2 protein chains.
Amino acid sequence: MISQSKIQDKRKEIWDAALKLFVEYGFHGTPTSKIAAEAGVANGTLFHYYKTKEDLVIVLYNDIKNELNSYITSKVSCNESLETKVKIMFINSLYWALDNREKFYYIHQFHFSPHFAKISPETIHQQSTCHIRLIEEGIKAELLKPLPIEFLLTIVSSHVFGVYQYLTSEDFSESQQKKVINDAFGMLWDMIAP
Amino acid sequence: MISQSKIQDKRKEIWDAALKLFVEYGFHGTPTSKIAAEAGVANGTLFHYYKTKEDLVIVLYNDIKNELNSYITSKVSCNESLETKVKIMFINSLYWALDNREKFYYIHQFHFSPHFAKISPETIHQQSTCHIRLIEEGIKAELLKPLPIEFLLTIVSSHVFGVYQYLTSEDFSESQQKKVINDAFGMLWDMIAP
DNA sequence: TTTTAGATTGACTAATCACTCCACAAAGGT
DNA sequence: ACCTTTGTGGAGTGATTAGTCAATCTAAAA
């Protein structure tokens with residue numbers, strides 16, 4: 001067991017190093033040699049764990065997306081009202097983003113890169129299943145405006161990102177952060193509730 | 001006069017080629033040689049007009065930002081109500097984005113690249129002066145929620161981008177587009193009005 | 001016509017980078 | 001003890017690239 005995780009140590013070291021450097025210098029700005037150096041492994045070792053640089057880029061994206069998704073779904077329980085569920089998901093998305101700035105930034109950096117074209121539409125759709133289900137439910141219960149699901153999803157996602165951008169543009173105290181997030185949810189609800 | 005513009009022809013050819021290729025293949029994915037080839041000029045000519053590749057990347061960004069800004073400001077006249085002004089700016093931002101998809105995409109691609117760090121904060125601030133003034137005015141007149149200007153600005157910008165994303169994710173007819181944009185403005189107004 | 005200044009070219013260079021290769025080490029099963 | 005599998009290292013390679021430079025062209029001024 002210990003050896004099992006120790007074997008994967010270097011894989012994780014490379015993963016972490018790549019995230020840090022990609023976010024700081026961009027995909028093109030970080031050579032694989034620098035990633036290996038930052039991870040404390042040899043050049044060749046990187047290619048033992050990741051077939052190509054692009055493979056690493058994509059694995060990073062999928063891992064982060066999955067981590068975010070499972071974090072968010074872990075926070076909502078079924079016996080809440082729909083508004084509460086949406087609120088919990090919204091707030092927790094932001095807290096996760098604030099606690100994992102590199103990872104959250106990476107998602108968007110990836111989104112605006114040619115690598116994103118390599119992600120299949122099914123994967124993309126599957127990665128937002130839980131959000132889609134909630135929106136469907138909300139529309140049926142007439143708690144959300146009767147608009148196309150994809151439309152609402154896009155609007156909510158970009159709102160989350162907007163709030164994140166604002167929260168990271170300046171230094172806020174915890175209580176200021178909390179107020180901004182609450183205001184932002186109020187605005188979101190005003191926007192999507194009928 | 002004719003020669004004047006003819007001299008700048010190649011500069012513009014390079015500009016256009018760079019935009020097209022950067023959007024398609026990313027900054028790293030497009031070598032300067034390809035840009036020169038696409039523009040129909042020699043390798044060296046590119047560096048006659050733009051000192052470095054990065055210079056070209058940044059000039060492209062600033063030019064596009066200025067174009068977008070002057071387009072939007074050209075559409076609002078002073079003797080409108082504030083809500084109308086906001087609506088006109090919102091709608092025209094989206095129409096411009098839809099008519100200039102490469103340029104609009106480029107702005108965001110640039111935003112999520114390390115090149116963005118090279119833009120001075122003053123320049124960034126100056127590039128959104130007209131939006132800031134409108135929001136200030138709106139808060140004073142109690143037509144907008146009394147929130148920090150930067151917050152409202154960020155929220156509105158990301159809403160615009162969200163709507164743009166939705167509109168370009170599928171093929172919509174003109175009337176469908178118009179409906180989406182109108183709905184989106186209604187939602188925006190619900191969100192930012194007190 | 002001659003001069004001059006800028007525009008244009010494309011071969012060239014120095015550097016960089018993704019990735020390979022092969023030798024060796026560690027671990028585990030038999 | 002022996003073999004097989006898997007991990008690790010790092011020098012090496014071939015391809016690519018941003019940017020240079022000296023030569024040539026163009027056109028208008030003198």
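This structure is a prediction, so every number in the text was calculated from the model and none was measured. All chains are named by letter (A, B, ...) in the order of the sequence lines, taking the proteins before the strands, and each is independently numbered beginning at 1.
- Residue A:Lys10 has a polar side-chain atom (N or O) positioned under 4.0 Å from OP1 or OP2 of D:dG9.
- Rounded to whole Å, the distance from CD1 on A:Ile35 to P on D:dT8 is 17 Å.
- Across C:dC17, C:dT8, D:dA18, the shortest atom-to-atom separation from the side chain of B:Thr45 is found for C:dT8.
- C:dG10 atom P lies 14 Å from atom CG of B:Leu46, rounded to whole Å.
- The salt bridge (charged side-chain N to carboxylate O under 4.0 Å, His left out) test applied to B:Glu67 returns B:Lys103, not counting sequence neighbours.
- Annotation: B:His28 is not in aromatic contact with A:Phe27 [ring centroid separation under 6.0 Å not met].
- At the phosphate of C:dT8, OP1 or OP2 sits under 4.0 Å from a side-chain N or O atom of B:Tyr49.
- For the pair B:Lys12 NZ and C:dA7 C1', the computed distance is 20 Å after rounding to whole Å.
- In this structure, A:Arg11 atom CZ and D:dT6 atom P are separated by 15 Å, rounded to whole Å.
- Dashed line: the shortest gap from a side-chain N or O of B:His48 to OP1 or OP2 of C:dA7 is under 4.0 Å.
- If you measure from atom CD1 of B:Ile14 to atom C1' of D:dA18, you get 15 Å, rounded to the nearest angstrom.
- With sequence neighbours excluded, no residue forms a side-chain hydrogen bond (donor to acceptor under 3.5 Å, both in side chains) with B:Gln177.
- In this structure, CG of A:Leu21 is placed 12 Å from P of C:dC17, rounded to the nearest angstrom.
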Which side-chain N or O atoms in residues 75-90 of chain A pair as donor and acceptor under 3.5 Å with protein atoms at least two apart or in another chain?
{"unit_1": "A:Ser77", "atom_1": "OG", "unit_2": "A:Asn79", "atom_2": "OD1", "d": "3.4"}
{"unit_1": "A:Ser77", "atom_1": "OG", "unit_2": "A:Glu80", "atom_2": "OE2", "d": "2.9"}
{"unit_1": "A:Ser81", "atom_1": "OG", "unit_2": "A:Thr84", "atom_2": "N", "d": "3.2"}
{"unit_1": "A:Ser81", "atom_1": "OG", "unit_2": "A:Thr84", "atom_2": "OG1", "d": "2.6"}

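- To the nearest angstrom, P of C:dT20 lies 17 Å from OH of A:Tyr50.
- Applying the salt bridge (charged side-chain N to carboxylate O under 4.0 Å, His left out) test to every pair with at least one member in residues 172-186 of chain A, sequence neighbours left out, gives these pairs: A:Lys179-A:Asp183.
- Aromatic ring orientation, A:Tyr166 versus B:Phe151: tilted (interplanar angle from 30° to 60°).
- In this structure, CG of A:Asp9 is placed 13 Å from P of D:dG7, rounded to the nearest angstrom.
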Short heteroatom pairs, N/O only, protein and nucleotides 19-21 of chain D, under 3.5 Å:
{"unit_1": "D:dG19", "atom_1": "OP2", "unit_2": "B:Lys53", "atom_2": "N", "d": "2.8"}

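- Looking at residues two or more places apart in sequence or on another chain, you find no side-chain hydrogen bond (donor to acceptor under 3.5 Å, both in side chains) involving A:Asn66.
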